[in-house]
Participant: 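Sending over a structure as structure tokens; questions will come in a sec.
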Amino acid sequence: MCGIALVLSGGGRVVVAPSAAAAAAVAAVGIQPSDEGKGVTVDELKAALRRRGPDSLGCERLRVRADGTTLGSDGCDCGVGNGGDVGDTELCFIGATLQLRGAEPILQPMVGQSGNVLVYNGEIYGGVHVADDQNDTQSLLSSLESCCSCECHALVRDEACLCCGSVGKSVPQILSTIKGPWALIYWQAEGLKNNVVWPGCIREKKPLAPTVKVMESGEDNDFPESTNMSYWEELPCGIYSIQLKSLEKSGMCMKEACVSEVRRHDWINSSLDELIQWKRKSIVPTVDDLTSHQNSVGDYCLSQSFRNSTEADKNAAYKVLIALRESVMLRTNLNRLFQDDLNKLKDDELAPIAILFSGGLDSMILAALLDQCLDSKWTIDLLNVSFDGQLAPDRISALAGLKELQRISPIRRWRLVEIDTVLTNLKGESEHVMSLIYPSNTYMDLNIGIALWLAAGGDGWVDGSICNMQDGCRYKYKSTSRVLLVGSGADEQCAGYGRHRTKYRLGGWVLLDEEMRLDVQRIWKRNMGRDDRCISDHGKEARFPFLDENVIKTLLEIPLWDIAKLDEPVGKGDKKILREVANLLGIKEAALQPKRAIQFGSRIARESNRKNFGSNRAANQASAGSVEIHQRAR
């Protein structure tokens with residue numbers, strides 16, 4: 001993921017609007033308060049964004065005069081409040097690029113022929129045409145440049161503008177068509193009859209919040225005094241417009257800021273609205289529905305169960321398999337620029353795609369599908385983190401999963417990267433990750449964040465004897481893969497959590513459906529921003545095939561009783577549909593794996609409890625999962 005931000009200053013205050021480039025609060029990523037205790041400087045902001053976008057860093061500065069006149073860039077230092085007349089508003093766009101598409105390198109911010117400015121982060125998988133040799137940002141700017149700028153057009157769903165008769169789409173119409181995760185800040189010169197900034201973001205069809213910080217005048221180039229990250233605020237997500245009106249026309253006092261109006265715009269896409277609402281048609285089975293599934297109960301072994309499944313079961317699993325395969329294909333297509341970079345590497349280093357790998361059901365499905373989508377000449381890195389060496393449950397299942405993958409695809413080079421560490425050796429890293437996960441601030445979030453951050457770094461060891469590499473020697477290795485596949489979203493959509501079983505026991509199918517909907521609708525706030533910031537801090541991009549629009553749509557079309565059967569044992573009835581997909585892929589051992597969260601599978605939770613509470617028992621008594629870090633530190 002790239003790192004993008006806007007610093008808007010003038011008239012007595014500064015608004016810092018780093019958009020979450022398909023994450024939550026990008027500008028807050030990795031920024032700790034400065035030594036002076038005044039917060040962070042713009043240079044520190046740039047440094048944090050550069051970790052997300054290591055390929056290039058650029059900025060574009062504009063000044064809007066009190067009469068509405070816009071002056072072009074007169075430098076690229078992007079400091080806050082660099083002179084100007086009273087009442088002027090200054091906009092500093094910052095873009096740090098992680099480029100994975102396009103024939104030529106690009107530099108952000110991008111400036112269009114009309115003077116419009118775009119900083120963008122994300123991937124476009126449909127809705128806006130992206131040629132094979134083009135970059136997403138280039139293609140999107142071209143589409144946005146054609147947008148009508150009339151105020152009425154941005155507020156309605158009509159194709160044609162009622163004011164000027166333009167048949168060009170409005171900015172919300174264009175953004176609503178994009179398929180894939182994205183975030184942007186777009187400056188539309190003379191938009192809505194005045195200059196306008198469009199910040200907005202969405203993560204795999206669930207909007208995520210940009211982060212905004214307001215600073216009062218007199219704070220110079222530093223953000224306000226703070227001892228933690230609390231000066232960042234996550235806003236409700238969606239498409240926004242910040243209108244900069246002429247101060248003379250608006251009648252505002254010259255000492256006031258030139259930000260006169262902030263609006264939130266509706267998504268102009270009915271199918272997108274439906275996915276966000278996450279409503280399933282078939283929730284409660286009839287007697288006939290249950291009778292037709294009796295043949296699939298049979299043997300405890302899931303593979304035998306699948307052979308005895310009804311045609312409806314098999315058809316449902318096959319539909320999910322097709323949707324997931326297409327999703328993985330879209331997210332792992334290697335374009336010309338990417339391949340040119342990879343061809344410079346040695347043969348044994350050719351691993352363009354990696355998987356955050358526990359050997360569990362979700363990561364095994366992704367690995368098997370990636371094998372089908374990626375040319376066999378490429379190695380696939382399987383990144384596995386452990387805080388208990390070879391004894392951690394996730395390490396044990398990863399080793400078993402490696403053997404199963406080698407069985408179904410023996411010509412593929414599978415490289416299991418064993419990332420081992422001890423929590424007591426991570427004091428500096430833990431403090432850094434605390435800044436990445438904010439506003440999440442519990443020990444559970446920190447444990448997950450550290451595990452993800454270490455796994456994404458890919459710095460570990462490879463046992464050549466089990467990976468058939470380096471003459472069977474164990475060797476040090478750091479993955480260079482810039483795209484990481486992550487299994488987020490599978491548990492929420494397929495009833496993989498223990499609480500789903502509890503809700504089903506208490507209230508049947510209806511209560512289960514309500515809990516799953518709640519999980520899906522809050523995944524952006526509880527998981528996605530935190531996880532994205534931890535992974536992207538290494539200059540790598542996390543991609544989430546289970547959260548593809550078509551995958552979500554396909555799963556919602558399947559009756560709930562075909563998604564999960566929570567009367568059956570753990571490791572069989574939970575995520576039933578995905579276990580059937582695993583059987584179709586030939587990974588039958590993985591189809592029997594129980595759900596295990598990364599903090600438990602890697603055993604970081606156990607080590608954290610011992611370090612912070614003395615024991616697991618003491619941690620459980622203190623309800624450590626919900627204890628805020630700063631409260632415990634007092």
Participant: For Glu326, check salt bridge (Lys or Arg N to Asp or Glu O under 4.0 Å) against everything at least two apart and list the hits.
Facilitator: none
Participant: Can you tell me how far the CZ atom of Arg482 sits from the CG atom of Leu100, to the nearest 0.5 Å?
Facilitator: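 Reported to 0.5 Å precision, the distance equals 5.5 Å.
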Participant: The criterion is side chain to side chain contact (heavy atoms under 4.5 Å, CB included); which residues satisfy it with Ser271, sequence neighbours excluded?
Facilitator: Asn269
Participant: For Asp491, check salt bridge (Lys or Arg N to Asp or Glu O under 4.0 Å) against everything at least two apart and list the hits.
Facilitator: Lys575, Lys595
Participant: Is it the case that the side chain of Thr554 and the backbone of Asn550 share a donor-acceptor pair, with hydrogens and angles ignored and the cut-off at 3.5 Å?
Facilitator: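 Checking the backbone N and O of Asn550 against the side chain of Thr554, a donor-acceptor pair under 3.5 Å is found.
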Participant: Who are the ring-ring contact (aromatic ring centres under 6.0 Å, His included) partners of Tyr504, not counting sequence neighbours?
Facilitator: Trp509
Participant: Taking atom CD of Glu589 as the centre, report whether more than 12 heavy atoms of other residues, nucleotides or ligands fall under 6.0 Å from it.
Facilitator: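 It does not: Glu589 CD has 12 such atoms or fewer within range.
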Participant: What distance separates Asp136 CG from Gln99 CD, expressed to the nearest 0.5 Å?
Facilitator: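 So the CG of Asp136 and the CD of Gln99 are separated by 9.5 Å.
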Participant: Look at the side chain of Glu549 and the backbone N and O of Gly180, then say whether any donor-acceptor pair between them is shorter than 3.5 Å.
Facilitator: yes
Participant: With sequence neighbours left out, write down each residue that passes salt bridge (Lys or Arg N to Asp or Glu O under 4.0 Å) with Arg517, or none if nothing qualifies.
Facilitator: Asp513
Participant: Partners of Glu557 by side chain to side chain contact (heavy atoms under 4.5 Å, CB included), sequence neighbours excluded?
Facilitator: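 With neighbours one apart ignored, the set is Lys553.
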Participant: Between Ser282 and Pro559, is there a donor-acceptor pair closer than 3.5 Å when you use the side chain of the first and the backbone of the second?
Facilitator: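 Answer holds: no.
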Participant: Starting at CG of Asp381, measure out to CG of Leu350 and round the result to the nearest 0.5 Å.
Facilitator: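 Answer rounded to 0.5 Å: 10.5 Å.
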Participant: Give every donor-acceptor pair under 3.5 Å between a side-chain atom in residues 454-462 and any protein atom, sequence neighbours left out.
Facilitator:
{"from": "Asp459", "atom 1": "OD1", "to": "Lys476", "atom 2": "NZ", "distance (Å)": "3.4"}

Participant: My understanding is that only residues two or more places apart in sequence, or in another chain, count here; which of them pass side-chain hydrogen bond (donor to acceptor under 3.5 Å, both in side chains) with Asp371?
Facilitator: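 Checked Asp371 against side-chain hydrogen bond (donor to acceptor under 3.5 Å, both in side chains); matches are Ser409, Arg412.
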Participant: Provide the closest heavy-atom pair for Cys373 versus Val328 in the form atom of the first, atom of the second, distance.
Facilitator: SG-CG1, 4.0 Å
Participant: Got a donor-acceptor contact below 3.5 angstrom from the Gln521 side chain to the Ile276 backbone?
Facilitator: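 Such a contact is found between Gln521 side chain and Ile276 backbone.
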Participant: Locate the shortest heavy-atom distance separating Met469 from Trp414; write the atom from each residue and the value.
Facilitator: CE-O, 3.9 Å
Participant: Check for a donor-acceptor pair, side chain of Arg579 on one end and backbone N or O of Ala591 on the other, with a separation under 3.5 Å.
Facilitator: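 Such a contact is found between Arg579 side chain and Ala591 backbone.
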Participant: Out of curiosity, Leu484 CG to Ile535 CD1, how far, rounded to the nearest 0.5 Å?
Facilitator: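 Leu484 atom CG to Ile535 atom CD1 measures 6.0 Å (nearest 0.5 Å).
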Participant: Going by an N to O cut-off under 4.0 Å, is there a salt bridge joining Asp548 and Lys179?
Facilitator: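 Salt bridge: no.
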Participant: Please list, chain by chain and in numerical order, all residues satisfying side chain to side chain contact (heavy atoms under 4.5 Å, CB included) with Asp519, sequence neighbours excluded.
Facilitator: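 By the side chain to side chain contact (heavy atoms under 4.5 Å, CB included) rule, Asp519 matches Glu492, Tyr497, Arg499, His500, Glu515, Arg522.
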Participant: Check whether more than 12 heavy atoms from other residues, nucleotides or ligands sit under 6.0 Å from atom NZ of Lys279, and answer yes or no.
Facilitator: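 Not more than 12 within 6.0 Å, no.
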Participant: Please identify each residue that fulfils salt bridge (Lys or Arg N to Asp or Glu O under 4.0 Å) with Arg325, with sequence neighbours left out.
Facilitator: none
Participant: Mind checking the CG-OG1 spacing from Leu382 to Thr379? Nearest 0.5 Å is all I need.
Facilitator: 10.5 Å
Participant: Of all residues at least two apart in sequence or in a different chain, which pass the side chain to side chain contact (heavy atoms under 4.5 Å, CB included) check with Asp375?
Facilitator: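 In terms of side chain to side chain contact (heavy atoms under 4.5 Å, CB included), with neighbours along the sequence ignored, Asp375 is linked to Lys377, Trp378.
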Participant: Using a 3.5 Å distance criterion without hydrogens, assess whether the side chain of Arg530 forms a donor-acceptor pair with backbone atoms of Ile437.
Facilitator: no
Participant: If you count heavy atoms of other groups shown closer than 6.0 angstrom to CG of Leu506, is the number above 12?
Facilitator: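 Enclosed.
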Participant: Please answer whether the main-chain N or O of Ile124 pairs with a side-chain N or O of Arg101 as donor and acceptor at a distance below 3.5 Å.
Facilitator: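 Answer holds: yes.
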Participant: Going by an N to O cut-off under 4.0 Å, is there a salt bridge joining Asp463 and Arg474?
Facilitator: no
Participant: Would you find a donor on one side and an acceptor on the other, under 3.5 Å apart, between the side chain of Arg52 and the backbone of Cys2?
Facilitator: yes
Participant: For Lys503, is there an ion pair with Glu514 - N to carboxylate O distance below 4.0 angstrom?
Facilitator: no
Participant: Quick one: CZ on Arg407 to CG on Leu402, what's the gap to the nearest 0.5 Å?
Facilitator: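 One finds 12.5 Å between CZ of Arg407 and CG of Leu402.
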Participant: Verify, without hydrogens or angle tests, whether Ser608 (side chain) and Ile604 (backbone) share a donor-acceptor contact under 3.5 angstrom.
Facilitator: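 Side chain of Ser608 to backbone of Ile604: no pair is present.
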Participant: Taking the six-membered ring for Trp, are His538 and Trp453 parallel (under 30°), tilted (30 to 60°) or perpendicular (over 60°)?
Facilitator: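 Tilted.
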Participant: Is a side-chain donor or acceptor of Glu404 paired with a backbone partner of Lys588 at a separation under 3.5 angstrom?
Facilitator: yes
Participant: If you take all heavy atoms of Ala451 and Val385, which pair is closest and at what distance?
Facilitator: O-CG1, 3.8 Å
Participant: Which pairs pass salt bridge (Lys or Arg N to Asp or Glu O under 4.0 Å) with one or both residues in residues 382-394, sequence neighbours excluded?
Facilitator: Asp388-Arg603, Asp388-Arg606, Asp394-Arg596
